[in-house]
S.K.: 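Take a look at this one; I'll ask things after.
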Amino acid sequence: MTAACLPRLPWGLGLAGLIPFLALAGAAWLAPVAWQVIAIPAFLTYSAVILSFLGGVQWGVAMSLESEDSDGFRARLVLSMAPSLIAWPALLLHPVTGAWVLIAGFLLVRLHECGKVSRELLPGWYQSLRTLLTVVVVACHGLVIWRLAVA
């Protein structure tokens, strides 16, 4: 499915959600050093917030699309807690380690979303949008990690 086939509101909101990732990753490289010191923790904090939000998406999917007495309902609710339980401790780690942990969290969520049950429950446009968003988010994390490595 192409970007043009996506519903406009999710597409716009998804792209808007990338602005802090792109701006802060760019600031980590291009801003004066004093701003870089702020940009990197701000990037990691925003990343943790968004990863936690993705857990909330899974909670919503379970509540609205899964049968309450199904194994899928219980599993999705339990798994919906994993992103926040990955994101928060990542903020307590060294920034490089934390960024890697956040990347792992985003990739784990995306793998779960690509599973058979999720593909059946979620619309195709969601899958396309989430793939694009995950690629950009992971790339931004890579830029921040690279910046920290050369600092």
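None of these values were measured; they are calculated from a predicted model.
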S.K.: Identify whether V49 and L15 are in the same connected component of the hydrophobic contact network (ILVMFWY, side-chain heavy atoms under 4.5 Å).
M.R.: no
S.K.: Share the residues that join I19 in a hydrophobic cluster, the rule being Ile, Leu, Val, Met, Phe, Trp or Tyr side chains under 4.5 Å apart at the heavy-atom level.
M.R.: none
S.K.: Going by the rule side chain to side chain contact (heavy atoms under 4.5 Å, CB included), which residues pair with S67 if we only count those two or more places apart in sequence or in a different chain?
M.R.: D69, S70
S.K.: Tell me, do V101 and P89 make a side-chain contact under 4.5 Å, heavy atoms counted?
M.R.: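 V101 vs P89: side chains apart.
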S.K.: Just jot down the ring-ring contact (aromatic ring centres under 6.0 Å, His included) partners of F106, sequence neighbours excluded, or say none.
M.R.: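 Once residues adjacent in sequence are excluded, the partners of F106 under the ring-ring contact (aromatic ring centres under 6.0 Å, His included) criterion are H141.
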S.K.: Apply side chain to side chain contact (heavy atoms under 4.5 Å, CB included) to L22 and list each qualifying residue two or more places apart in sequence or on a separate chain.
M.R.: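 Result, side chain to side chain contact (heavy atoms under 4.5 Å, CB included) vs L22: L18, V136, C140.
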S.K.: Could you pull out all residues at least two apart from A87 that satisfy side chain to side chain contact (heavy atoms under 4.5 Å, CB included)?
M.R.: A48, L51, S52, L102
S.K.: State the OH-CD distance between Y126 and E113, to the nearest 0.5 angstrom.
M.R.: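 These two atoms lie 3.5 Å from each other.
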S.K.: Please give me the minimum heavy-atom distance between F73 and A62, naming the atom from each residue.
M.R.: CD1-O, 3.2 Å
S.K.: Tell me every residue that passes salt bridge (Lys or Arg N to Asp or Glu O under 4.0 Å) with D71, counting only those two or more places apart in sequence or in another chain.
M.R.: R74
S.K.: So how far is it from T134 OG1 to I103 CD1, rounded to the nearest 0.5 Å?
M.R.: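 That separation rounds to 11.5 Å.
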S.K.: Distance-only check: which donor-acceptor pairs under 3.5 Å involve side-chain atoms of residues 143-151, not counting sequence neighbours?
M.R.:
from, atom 1, to, atom 2, distance (Å)
R147, NE, A28, O, 2.8
R147, NE, Q36, OE1, 3.3
R147, NH2, Q36, OE1, 2.9

S.K.: Got more than 12 heavy atoms from elsewhere within 6.0 Å of CH2, W29?
M.R.: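 For W29, atom CH2 is crowded (more than 12 foreign heavy atoms under 6.0 Å).
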S.K.: Could you identify which residues cluster with V135, counting Ile, Leu, Val, Met, Phe, Trp and Tyr as linked when any side-chain heavy atoms lie under 4.5 Å apart, either directly or through a chain of such contacts?
M.R.: none
S.K.: State plainly whether one hydrophobic cluster holds both V109 and L121, where clusters connect Ile, Leu, Val, Met, Phe, Trp and Tyr through side-chain heavy atoms under 4.5 angstrom apart.
M.R.: yes
S.K.: Give a yes or no on whether L133 and F53 share a hydrophobic cluster (residues Ile, Leu, Val, Met, Phe, Trp, Tyr; joining criterion: side-chain heavy atoms under 4.5 Å apart).
M.R.: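 Same cluster: L133 reaches F53 through Ile, Leu, Val, Met, Phe, Trp or Tyr contacts under 4.5 Å.
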S.K.: Can a donor-acceptor pair be found, under 3.5 Å and without considering hydrogens, that links the side chain of T45 to the backbone of A42?
M.R.: no
S.K.: Ignoring hydrogens and angles, tell me if any N or O in the side chain of S118 forms a donor-acceptor pair with the backbone of G115 under 3.5 Å.
M.R.: no
S.K.: Do the side chains of V138 and I86 join up, straight or via other hydrophobic residues, at under 4.5 Å, putting them in one cluster?
M.R.: yes
S.K.: Connecting only ILVMFWY residues whose side-chain heavy atoms lie within less than 4.5 Å of each other, what is the rest of L13's hydrophobic cluster?
M.R.: L9
S.K.: Can you confirm whether Y46 sits close enough to I50 that some side-chain heavy atom of one is under 4.5 Å from a side-chain heavy atom of the other?
M.R.: yes
S.K.: Using side chain to side chain contact (heavy atoms under 4.5 Å, CB included) as the criterion, point out the one residue from R110, H112, R130 that pairs with L54.
M.R.: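 Testing each of R110, H112, R130 against L54, the sole residue satisfying side chain to side chain contact (heavy atoms under 4.5 Å, CB included) is R130.
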S.K.: Going by atom type alone, with no hydrogens or angles, which donor-acceptor pairs under 3.5 Å involve a side-chain atom of residues 91-100 and a protein atom two or more places apart or on another chain?
M.R.:
from, atom 1, to, atom 2, distance (Å)
H94, ND1, V96, N, 3.1

S.K.: Look at the side chain of S64 and the backbone N and O of G60, then say whether any donor-acceptor pair between them is shorter than 3.5 Å.
M.R.: yes
S.K.: With sequence neighbours excluded, tell me which residues meet salt bridge (Lys or Arg N to Asp or Glu O under 4.0 Å) with E66.
M.R.: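 By the salt bridge (Lys or Arg N to Asp or Glu O under 4.0 Å) rule, E66 matches R76.
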S.K.: Within the structure provided, determine whether W11 and L132 are in side-chain contact (heavy-atom separation under 4.5 Å).
M.R.: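 Side-chain contact under 4.5 Å: yes.
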S.K.: Can L79 and Q58 be said to form a side chain to side chain contact (heavy atoms under 4.5 Å, CB included), step by step?
M.R.: CA-CA 8 Å; L79 288 172; Q58 294 305 312; over 6 Å; no
S.K.: Can you name the residues that form a salt bridge (Lys or Arg N to Asp or Glu O under 4.0 Å) with E120, not counting sequence neighbours?
M.R.: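 Listed in chain order: K116.
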